[in-house]
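Here is the structure we will look at, set down as structure tokens.
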Amino acid sequence: MRYFSGEAETSGSVDELFMREALRLAKMAYDEDEIPIGAVIVANGQIIAKGYNLTERLNDVTAHAEMQAFTAAANHLGGKYLKGCTLYVTIEPCVMCAGAAYWAQIDRVVYGAKDDKRGYSAFHDRIIHPKTEIVGGVLESSCSELIQSFFRNKRR
């Protein structure tokens with residue numbers, strides 16, 4: 001596994017472009033009172049799949065943004081493997097979503113804010129496929145502020 005901090009990445013403008021779309025989806029989740037996490041999957045410079053958390057609406061603990069996007073991407077491509085694809089997600093994937101990324105053989109995972117409590121790296125950072133490139137910290141402050149705002153409002 002290769003890991004790059006968002007600060008040091010060279011393709012920041014492209015990654016930021018796609019992360020902005022993931023943030024837009026996260027805001028849709030926020031507006032629907034879902035935990036505001038959004039995800040997009042990109043192949044050949046084009047968004048092929050989108051998703052945001054639907055756990056409340058679907059009453060399904062597995063309906064994470066990444067899982068929605070993986071399913072949509074597999075349907076778009078006509079196969080279960082996402083080789084040549086990049087997942088953009090506003091928050092570091094959980095163990096379940098990291099495991100799904102492993103099985104899908106996705107090339108890159110780009111996330112915004114780290115999740116120190118439930119992110120995959122808090123449990124075991126080898127859950128992601130060893131050939132998968134990880135980029136963290138893309139639009140980190142925007143991604144972090146959105147989810148913090150959501151939970152602040154829930155505590156009121």
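FYI, the numbering just counts along the sequence from 1.
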Let me check something: do [X] and [Y] share a hydrophobic cluster, defined by ILVMFWY side-chain heavy atoms less than 4.5 Å apart, either directly or through other members?
X	Y	answer
L58	L25	yes
Y102	L82	no
I128	F123	yes
F151	Y111	yes

Under the 3.5 angstrom rule, does the side chain of [X] hit a backbone N or O of [Y] as a donor-acceptor pair?
X	Y	result
N44	Q46	no
Q105	Y81	no
E66	A98	no
E21	V40	no

Q) About how many Å separate CG of L23 and OH of Y88, when rounded to the nearest 0.5 Å? A) 13.5 Å

Electrostatic pair [X]:[Y] at N-O distance under 4.0 angstrom:
X	Y	answer
R108	D15	yes
D33	K154	yes
E32	K27	no

Q. Among I41, I47, T86, V110, which one satisfies side-chain contact (heavy atoms from CB on, under 4.5 Å) with F18?
A.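 Testing each of I41, I47, T86, V110 against F18, the sole residue satisfying side-chain contact (heavy atoms from CB on, under 4.5 Å) is I47.
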
Q. Pick from C143, P36, S142: which one makes a side-chain contact (heavy atoms from CB on, under 4.5 Å) with T90?
A.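 In the set C143, P36, S142, the residue that makes a side-chain contact (heavy atoms from CB on, under 4.5 Å) with T90 is C143.
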
Looking only at heavy atoms, which two atoms of [X] and [Y] are closest? And how far apart?
X	Y	result
I48	C85	CD1-SG, 4.1 Å
A72	K50	CB-O, 4.4 Å
I127	G99	CG2-N, 3.5 Å
M19	G112	CE-N, 3.5 Å
A122	D116	CB-O, 3.4 Å
T55	E34	N-OE1, 3.1 Å

[X] versus [Y]: any side-chain heavy-atom pair under 4.5 Å?
X	Y	result
C97	L87	no
R24	M28	yes
I35	Y52	no

Are side-chain N/O atoms of [X] and [Y] paired as donor and acceptor at under 3.5 Å?
X	Y	result
S144	K114	no
N153	Y30	yes
T62	D60	yes

